[in-house]
Amino acid sequence: MSFWAVSRGLTPPGKVAPMLNPNQRQFLEDELRYREKLKMLAGGTTIEDGYVRKPDTVDDPFELDKHDAFYRATKSLLVLFQIMGVMPLIRNPPVKNMPRTGYTWTSKQAMWAMFIYAIQTTIVVLVLRERVKKFITSPDKRFDEAIYNVIFISLLFTNFLLPIASWRHGPQVAIFKNMWTNYQYKFFKTTGSTIVFPNLYTVTYVLCTSSWLLSIAINLSQYFLQPDFSLWYTFAYYPIIAMLNCFCSLWYVNCNAFGTASRALSDALQATIRGDKPAQKLTEYRHLWVDLSHMMQQLGRAYSNMYGMYCLVIFFTSIIAAYGSISEIIDHGATYKEVGLFVIVFYCMCWLFIFCNEAHFASRKVGLDFQTKLLNINLTAVDTATQKEVDMLLVAISKNPPTMNLDGFANINRELITTNISFMATYLVVLLQFKITEQRRSNIA
């Protein structure tokens with residue numbers, strides 16, 4: 001093409017710049033800096049401007065513990081999970097080349113979890129057999145009582161999914177905990193400051209206590225509202241409902257921690273931009289942001305089965321309770337039992353809102369808010385190297401969006417709330433149509 005243009009006295013076209021992905025651009029930038037460093041060394045000049053990305057090193061475990069504020073703030077929730085047998089993680093001794101958090105099937109915590117699970121499963125099987133027997137042998141019960149039985153029988157099955165949904169993903173959870181530990185120390189080495197989680201220790205402790213108090217309150221209310229709900233039934237439901245509450249608390253704590261870490265990173269970046277030669281640090285800030293985005297994805301990957309089960313329980317319980325309450329009101333009018341069913345629907349939808357809303361705010365703080373602060377930087381006041389680093393960071397954010405998802409099964413955001421509500425409305429309309437049609441046939445007969 002260039003030869004053809006020159007032979008005819010025309011200007012040859014310019015070269016087309018290749019389109020590079022973030023990893024290729026990062027490699028190219030590092031190679032160019034490395035060549036500049038070699039030229040400076042050959043010329044005997046200083047190499048302060050030739051910044052090359054630092055290689056990964058083995059960190060001191062005592063320094064990791066010193067700066068692991070997130071573990072200290074959320075330790076109460078981790079200990080509660082160990083006591084309940086939900087997630088038997090262990091804290092390894094401070095030895096080099098050993099992760100601070102681990103998971104093994106032969107640990108004391110794992111043996112305790114199996115012991116607690118065996119006791120809990122025995123109680124669940126006894127209650128399940130009793131409730132199924134009453135449900136089958138009492139066909140003349142009111143419809144709302146049958147709905148109560150269906151809801152609480154379905155809750156019992158979540159106990160049998162615990163080893164598959166939770167214990168099997170123990171190594172992934174340990175990886176997520178270690179990512180938090182390493183990230184905080186890397187943040188300190190890069191910025192010179194630590195990530196502060198204000199009031200997180202108090203919030204976590206309150207959530208742990210409230211999860212069990214709420215479980216006890218719900219079960220005792222069902223004991224007084226349902227005549228066939230024996231007191232000893234509650235011992236099967238206490239740990240199940242408390243476990244669901246604790247998982248919602250865990251999600252809330254981690255999402256808030258992501259937002260806090262993103263704010264700390266953006267504040268440190270803005271302070272660095274105002275300093276001298278900020279390009280030397282912006283590459284490390286880019287690595288910190290990518291690590292934070294990967295941690296958000298690891299949270300959904302580690303707890304994908306448990307939170308997937310959590311969403312299914314909420315969806316199924318909400319539909320059954322809403323249909324049972326509306327159907328019983330149509331047949332016999334409103335009573336306190338129907339109010340109890342509406343309370344169950346309200347309880348499930350509140351947890352679904354917290355689950356989706358916190359994920360939405362975490363994704364926005366790490367992604368959109370951080371990106372907005374970068375776009376507000378006055379690039380005309382900085383050098384060319386800094387402009388390139390800011391551009392690279394913006395490309396990394398666009399290519400690695402901080403989305404919360406359950407290992408690819410579903411994205412957790414506010415859209416999930418509207419999707420669930422629309423599905424619930426569809427199923428309710430169909431079920432009520434069958435109900436009304438059945439009533440009309442019975443009246444005609």
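Side-chain atoms of Leu200 and Val253, non-hydrogen and from C-beta on, do get closer than 4.5 Å to each other. Side-chain contact between Asp391 and Lys388 is absent, with no heavy atoms from C-beta onward closer than 4.5 Å. Using a 4.5 Å heavy-atom cutoff, the side chains of Trp167 and Met114 are in contact. In this structure, the side chains of Arg286 and Thr283 come closer than 4.5 Å at one or more pairs of heavy atoms. Counting only heavy atoms from C-beta outward, the side chains of Met349 and Ile421 approach each other to under 4.5 Å. Between Asn219 and Phe235 there is no side-chain heavy-atom pair separated by less than 4.5 Å. Counting heavy atoms from C-beta on, the side chains of Phe160 and Val124 come closer than 4.5 Å. Within the 4.5 Å cutoff, the side chain of Asn254 has heavy atoms near those of the Trp180 side chain.
How far CZ of Phe62 is from NZ of Lys96: 10.0 Å, rounded to the nearest 0.5 Å. Note that CG of Asn256 and NZ of Lys365 are 6.0 Å apart. Values are rounded to the nearest 0.5 Å. Here CG of Leu156 is found 10.5 Å from OH of Tyr233. Values are rounded to the nearest 0.5 Å. Expressed to the nearest 0.5 Å, how far CZ of Phe423 lies from CG of Leu428 amounts to 13.5 Å. Atoms NZ and CG, on Lys281 and Leu288 in that order, are 9.5 Å from each other to the nearest 0.5 Å. The distance from atom CD1 of Ile377 to atom CG of Leu374, rounded to the nearest 0.5 Å, is 5.0 Å.
Distance alone, capped at 3.5 Å, is enough to place a donor-acceptor pair between the Gln184 side chain and the Ala69 backbone.
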Notebook entry, point to check: Is there a side chain to side chain contact (heavy atoms under 4.5 Å, CB included) between Phe157 and Leu128 once you walk through the steps?
Noted result: CA-CA 9 Å; Phe157 285 98; Leu128 180 62; 4.3 Å; yes
Checklist line | side chain to side chain contact (heavy atoms under 4.5 Å, CB included) between Leu77 and Leu207, worked out | finding: CA-CA 8 Å; Leu77 190 57; Leu207 288 175; over 6 Å; no
Next item on the list: Apply side chain to side chain contact (heavy atoms under 4.5 Å, CB included) to Ser193 and Phe187, showing your working.
Entry: CA-CA 7 Å; Ser193 60; Phe187 184 93; 3.9 Å; yes
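In this pair, Tyr185 and Phe188 present their aromatic rings parallel. The plane angle is below 30°, not in the 30 to 60° band. Below 30°, between 30° and 60°, or above 60°: for Phe355 and Tyr310 the angle between ring planes is between 30° and 60°, a tilted geometry. Taking the six-membered ring for Trp and thresholds of 30 and 60 degrees, Trp289 and Phe370 have ring planes inclined between 30 and 60 degrees apart.
Nearest approach of Met84 to Pro239, heavy atoms of both residues: CE-O, 3.8 Å. Considering all non-hydrogen atoms of both residues, Asn92 and Pro99 come closest at ND2-O, 2.6 Å. When every heavy atom of Ala322 is checked against every heavy atom of Val345, the shortest pair comes out as N-CG2, 3.6 Å.
For the side chain to side chain contact (heavy atoms under 4.5 Å, CB included) with Cys350, the lone residue among Phe346, Phe353, Tyr347 that qualifies is Phe346. Evaluated for a side chain to side chain donor-acceptor pair (under 3.5 Å) with Arg100, the options Asp65, Asn178, Asp68, Thr181 yield exactly one hit, Asp65. The side chain to side chain contact (heavy atoms under 4.5 Å, CB included) test with Lys373 singles out one residue from Asp267, Ile273, Leu368, and that residue is Asp267. With Trp351 as the partner, the side chain to side chain contact (heavy atoms under 4.5 Å, CB included) test is satisfied by one option alone out of Ile314, Leu244, Val313: Ile314.
Crowding of Gln270 atom CD: a count of heavy atoms from other residues, nucleotides or ligands under 6.0 Å exceeding 12. For Phe315, the CZ atom counts as densely surrounded, since its 6.0 Å shell holds more than 12 non-hydrogen atoms of other residues, nucleotides or ligands. More than 12 heavy-atom neighbours from other residues, nucleotides or ligands sit within 6.0 angstrom of CG on Leu126. Counting heavy atoms of neighbouring residues, nucleotides and ligands inside a 6.0 Å radius, atom OH of Tyr205 does not exceed 12 of them. Atom OH of Tyr427 has 12 or fewer heavy atoms from other residues, nucleotides or ligands within 6.0 Å. Within 6.0 Å of the CH2 atom in Trp212, the count of heavy atoms belonging to other residues, nucleotides or ligands exceeds 12. By the 6.0 Å contact criterion, CZ on Phe409 is open, its count of non-hydrogen atoms from other residues, nucleotides or ligands being 12 or less.
Side-chain contact check for Arg414 and Asn357: at least one donor-acceptor pair (N or O, by modelled atom type) lies under 3.5 Å.
Between Phe247 and Phe81, the distance separating the two ring centers is shorter than 6.0 angstrom.
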